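Down below is the structure, laid out as structure tokens.
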Number of protein chains: 2
Amino acid sequence: MTRVSFLAGATGPWSIERIEAIRGETLAQATALARVESEGEIVPAGRAVWTLSGVRSHERYLERAERERLARQQEDLGRPGSRRAALIPIHKRPTWWQLAQDERRELFEGRSRHIAIGSSYLPAIARRLYHSRDLGGPFDFLTWFEFADEDASAFDELVGRLRETEEWRYVDREVDVRLRR
Amino acid sequence: MTRVSFLAGATGPWSIERIEAIRGETLAQATALARVESEGEIVPAGRAVWTLSGVRSHERYLERAERERLARQQEDLGRPGSRRAALIPIHKRPTWWQLAQDERRELFEGRSRHIAIGSSYLPAIARRLYHSRDLGGPFDFLTWFEFADEDASAFDELVGRLRETEEWRYVDREVDVRLRR
């Protein structure tokens, strides 16, 4: 299982433009960030201001037809034109996690169109989801996005639309970290 | 999030009757086992022969109607008459985890009747599922069962039926640890 650590501090390939708490407590200010993926345990850099860890785990809601459509549309991370990135860690309320699988799926896609909204910004906005709930950290998900300068306003629109959904009423902590390289 | 550690060694409230590899590598022999739940990090006992860790996480397949039915039927752990227990850690093949959510659900319940089979042994066989896949340990799930002496053969039947399902073709490691107190 691929693990990830996001290490925020004074050095790293991405410059942090701003760290903004959308809901709940913010993360400490830092100037640079590294996203480190590894197949084994990651030993965090000693000088990090904060570290967030997660895993690239299996899909929790995506159905086969949706995944095939996404696979045709989406592009991978690391495109040369992707000079901008965002890290958006979120935590959901206990009431979300107490819902049954079919209730969460219905809220996630049936009523909130989470997949449909994200898809409408493909391939411009590349995305990778990391799970961290079972790891016991402060967030349930760490989502990483990469896009070009000219798609920055489309990205603002994307996150704005998600934040208006019924699913987002279950989000009780969200931090928006914007980056540039 | 409640964490669990199963500590196998020379001491613990449960005596290990046998440790049997059903598929793949076994676990080392030991004579006693403790199941320790905690809301924080668990510091494993220094003398454990082996330790398996997991979390009580949210439901991954159970739908609302199924959960309500289970809640009415099942009994909790720790019943005075439950003199027997089993710990069954399993690991599933990568091909399982590469399936989409609807494909896994269809295999799990639609074709393998996992919930239905387990339900038909309620309330005799009490059960608690711990998730460990995202934690990066050697197993994906650690399932703990408790039952009375007179239900031991029903328990054998239950695990026998599950092992014949299509879902179980995706299991590439399974160890069956039987206990008594």
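Numbered from 1 within each chain, the chains take letters A, B, ... in sequence-line order. Heavy atoms only: backbone and side chains are in, while hydrogens, waters and symmetry mates are out. None of the values given here were measured: they were computed from a predicted structure.
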Begin from the C-alpha positions of A:Y130 and A:F6 and carry the test ring-ring contact (aromatic ring centres under 6.0 Å, His included) through to its verdict. CA-CA 11 Å; A:Y130 301 97; A:F6 291 97; 5.6 Å; yes
Pair count under 4.5 Å, heavy atoms only, with chain B: among A:Q98, A:R67, A:H131, A:E66, highest is A:R67
Chain A shares the most heavy-atom pairs under 4.5 Å, among B:E68, B:E103, B:Q101, with B:Q101
From the list B:R180, B:R181, B:E150, side chain to side chain contact (heavy atoms under 4.5 Å, CB included) partner of B:R83 resolves to B:R181
Comparing B:R60, B:R104, B:E59 against chain A, the one with the most heavy-atom pairs below 4.5 Å turns out to be B:R60
Electrostatic pair B:R105-B:E63, nearest N-O below 4.0 angstrom
yes
Looking only at A:L135, A:D134, A:L99, most heavy-atom pairs under 4.5 Å shared with chain B are made by A:D134
Considering residues, nucleotides and ligands other than B:R23, do more than 12 of their heavy atoms fall under 6.0 Å from its CZ?
yes
